[in-house]
**Q** 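Mind having a look at this structure? Questions to follow.
Note that ligands are numbered from 1 as they come in the structure, with each ligand's atoms numbered from 1 the same way. These numbers were taken from a predicted model, which means no experiment stands behind them.
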Amino acid sequence: MEKKFYELPELKYGYKDLEPYISEEQLTIHHTKHHQAYVDGANALLKKFDEARANDTDFDIKAAAKELSFHVSGFVLHMLFWDNMGPADKYGGEPNGIIADYIKKDFGSFERFKKEFSQAAISTEGSGWAVLTFCKRTDRLFIEQIEKHNVNVIPRFTVLMVLDVWEHAYYLDYKNVRPDFVEAFWNIVNWDEVNKRTENWLNTPL
Ligand code: MN
């Protein structure tokens, strides 16, 4: 069987298409430099594993496991992030569909949900993510605050929507004013994608 590696996915929109909320320069660097770094970091580890096994040599498995979690989680979260955004002329605003129903059930209103998710994004210490996830056992939406790319993750919850609040995600456009970036994000949320993820998850056995 063939050995595969991670690849940087293409964006489903152009680098200018999230303006004025995310600039062409910011999005280009974020995708081609930062996301690429996680692809490279993860693949370097895969090569290390392949080589060590081919030569029957040892490596520091504890350090490698930690690095693997960081790089692969970074890779996956960025993929999810690109796809849960889209041009403001088509997306943004309030959701409809199944996700709107769940938000109403669990948060009472979209405004309440937006406030909690924004607070999670603004208060993430250092580098991290605000994440909307879904627990099938309780049929509830949860807001998670992932530190780095991999701390506070709850296994077997699916990710419905993420917001990257690493400084590299917004610093060119918003400098140190993270709350302005978080507020801008609501104009470019692709709720169709969030709905698709929710439907797929509901159709997946527990
Ligand atoms: Mn990022």
**Q** Check whether W82 forms a cation-pi arrangement with K12 (NZ or CZ under 6.0 Å from the six-membered ring centre, at most 45° off the ring normal).
**A**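 The answer is no; the distance or angle limit is not met.
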
**Q** Can N203 and E199 be counted as having a side-chain donor-acceptor contact under 3.5 angstrom?
**A**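 Absent: no donor and acceptor within the cut-off.
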
**Q** Measure from the Mn ion (ligand 1) to each N, O or S atom of H30 and report whether any distance is below 2.8 Å.
**A** yes

**Q** Can the ring centres of F107 and Y102 be said to be less than 6.0 Å apart?
**A** no

**Q** For the Mn ion (ligand 1), does an N/O/S atom of H78 lie at less than 2.8 Å?
**A** yes

**Q** Can you tell me which N/O/S atom of D164 has the shortest distance to the Mn ion (ligand 1)?
**A**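 The D164 atom nearest to the Mn ion (ligand 1), restricting to N, O or S, is OD2.
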
**Q** Using modelled atom types and a 3.5 Å cut-off, is there a donor and acceptor pairing between side-chain atoms of D106 and backbone atoms of L141?
**A** yes

